[in-house]
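Just so we're on the same page: letters track the sequence lines, and every chain starts at 1.
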Amino acid sequence: MPFTLDVTLQSPTQDPSLGIAPTVGDVVALVEDDVTTRLLTRTWLEAAGYKVKEYDSERAVREDTGPAPTAACIDLGLGEQSGLDVIRYLHERDPELPTIVVTAEREVETAVAAMRAGAYDYLTKPVDRDRLLHSVRRACERRRLVDRVKNLQSELGTNPLSGIVGSSSAMVELSRQVERVIESDVAVCLLGESGTGKELVARALHRGGPRRSGPFVAINCAAIPASLQESELFGHERGAFTGATQNRLGCFERARGGTLLLDEVGEMSPATQAVLLRTLQERTVRRVGGSQEIPVDVRIVCATHRDLRSEVDAGRFREDLYFRLVVYPIRLPPLRERCEDIPMLVVHFLEKLRTRSPHGVRGLSAEALDALARHSWPGNVRELENVIHRCVLACRGDEIGLADLPPDLRATAAPAPDATPREASEDLLGDDDEVVPLRELEQRAIRKALRLTRGSVGRAAKLLGIGRATLYRRLAELDLAPDTVGRIVA
Amino acid sequence: MTETRGGDSGPPSVPTLNRDRLHDIERNVSREFLIEIVALFLSDVALRLERLSDAVKAREAKRTTSLAHQLQGSAASLGVLRLRVVAQRLEELAEQDDWGASDETLARLIHEFQHVRQALATIGSEPLVHE
């Protein structure tokens with residue numbers, strides 16, 4: 001044999017004539033069982049500037065627990081295994097991964113099946129270098145585009161604080177505190193009752209900070225059983241426990257390069273607290289059932305409705321973890337302490353719900369607003385949003401009135417000065433133990449229709465499902481005048 | 001397509017090598033790389049042919065078709081055209097359980113491989129890309 005076997009392969013340099021410029025860090029997974037084809041393909045990709053991770057079998061792919069690649073190039077004829085299985089597995093792990101399949105010329109039907117299974121492109125053997133690099137470049141570009149769109153969607157609104165609504169002194173102070181730490185990586189702990197907007201503030205910290213291009217991942221520790229907390233946070237390896245049929249990334253790995261919100265961190269089990277502390281100290285995670293230490297670079301924001309200091313004193317929360325997590329506490333005021341923000345919040349929610357409003361609700365009557373201001377709002381801003389949502393669905397006109405509010409809120413409303421008790425209540429059917437006579441029911445329905453239409457007989461008749469002449473006749477019979485009805489009720 | 005003809009083991013219309021393919025590899029990467037990958041190919045195919053012979057002797061259709069199929073892919077990557085065609089024929093015959101013809105085709109494949117070794121040996125002594 002005239003040629004030497006132990007030739008040292010020179011470091012390939014990027015070919016400038018290709019006009020192909022992969023982004024630094026683009027990693028291509030190459031799944032190919034033929035050693036010659038694998039070496040050739042890898043060399044072409046590396047010469048073009050890509051990092052390549054090689055796999056010679058489906059098993060090798062499944063055994064790799066490292067970070068997901070930017071794109072994958074998969075031989076469909078993996079010996080007796082099916083390349084389709086590899087595609088499905090990779091898509092389970094990362095649904096947005098663009099996969100390029102390589103097939104023999106006479107396997108076009110398999111290529112079609114691969115495209116149906118979600119493959120991005122296909123190439124036939126022998127693979128043409130320029131075609132390969134063109135396809136990989138497009139796949140990586142697509143991946144970046146998808147990631148960019150996702151990030152933009154999460155960044156909607158250029159002002160990171162735009163979602164925090166309110167002009168009360170409490171909210172001005174909150175905004176100030178958020179701005180103070182938004183550019184840093186300091187551990188922020190958001191303290192506030194349920195529904196005060198802790199996740200909203202955490203998202204603002206993410207959107208306004210240097211990690212805005214990375215993912216934002218939130219986990220509610222209270223919603224996950226203690227036995228599953230570790231797996232959710234740190235991931236697990238296949239076979240780590242019954243039901244762990246495949247490797248799974250935890251929140252820390254999914255939030256790599258971004259922000260992780262540990263919501264209701266006070267509900268975390270003691271065992272998970274210990275693992276979390278170690279993770280924060282080492283800045284690495286070890287999946288449940290795994291032995292590999294995986295580096296993670298994540299900003300941690302935690303939130304709780306509990307007094308964490310008291311939890312530490314009571315021995316339910318680790319003090320060392322407390323000092324790691326609560327470097328900069330921010331208190332979110334309950335809604336009852338900032339009632340002056342309610343009108344602004346209502347406008348914000350009406351705007352948000354505009355497309356879901358069947359009748360184009362534009363505002364709220366003074367009485368309804370007064371009732372909202374009198375409420376104690378135990379569920380805070382989330383409760384207010386839910387109330388407005390219900391009102392928008394219930395409201396038949398363009399303005400939410402007292403009658404559109406839920407009964408418990410109506411009960412807190414001050415009765416109109418010139419209304420009779422009966423008129424103040426707009427519930428057509430009365431209380432559960434009350435039977436309203438039909439004549440009275442009819443009167444109430446007519447009153448309500450005229451109120452909602454501001455005395456327009458034509459529109460009120462339409463709402464009631466009767467003719468205009470019929471409504472005039474009924475008004476006369478019931479001794480009601482449209483203008484009087486409108487004035488009393490409106 | 002630059003062709004290298006010779007031998008009588010494959011269809012006469014198909015050249016032994018697609019030298020344009022080898023030329024592209026040398027031009028796009030390096031001569032040293034071409035030499036390395038050719039060496040890898042020859043050692044890998046030699047191993048595969050041994051396994052293929054065992055599979056044919058054992059009349060194992062599934063294993064024979066799989067190995068013949070892999071051989072095609074490997075040959076296609078380096079532009080070893082006629083070996084690829086003969087391997088494809090062997091795959092078809094094994095699928096049909098035609099073992100008489102499979103034995104003959106395996107012999108042709110081994111013969112063609114010897115021819116490929118000789119053809120590729122010249123790569124070590126003369127550059128494909130002339131400055």
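Under the rule for a ring pair (Phe, Tyr, Trp, His ring centres under 6.0 Å), the partners of A:Phe234 that lie at least two apart in sequence or sit in another chain are A:Phe252. Residues that satisfy the ring pair (Phe, Tyr, Trp, His ring centres under 6.0 Å) test with A:Tyr89, not counting sequence neighbours, are absent from this structure. Applying the side chain to side chain contact (heavy atoms under 4.5 Å, CB included) criterion to A:Arg283, with sequence neighbours excluded, gives A:Asp297.
With 3.5 Å as the limit, one finds a donor-acceptor pair spanning the side chains of A:Arg137 and A:His134.
Counting non-hydrogen atoms of other residues, nucleotides and ligands closer than 6.0 Å to OH of A:Tyr55 gives a total above 12.
The contact list for residues 43-52 of chain B toward chain A, using heavy atoms and a distance under 4.5 Å, reads B:Asp44, B:Arg48 by residue number.
Screening A:Thr41, A:Asp75, A:Leu40 against A:Glu32 for a side chain to side chain contact (heavy atoms under 4.5 Å, CB included) leaves a single residue, A:Asp75.
Neither the backbone nor the side chain of B:Leu71 has a heavy atom closer than 4.5 Å to any heavy atom of chain A.
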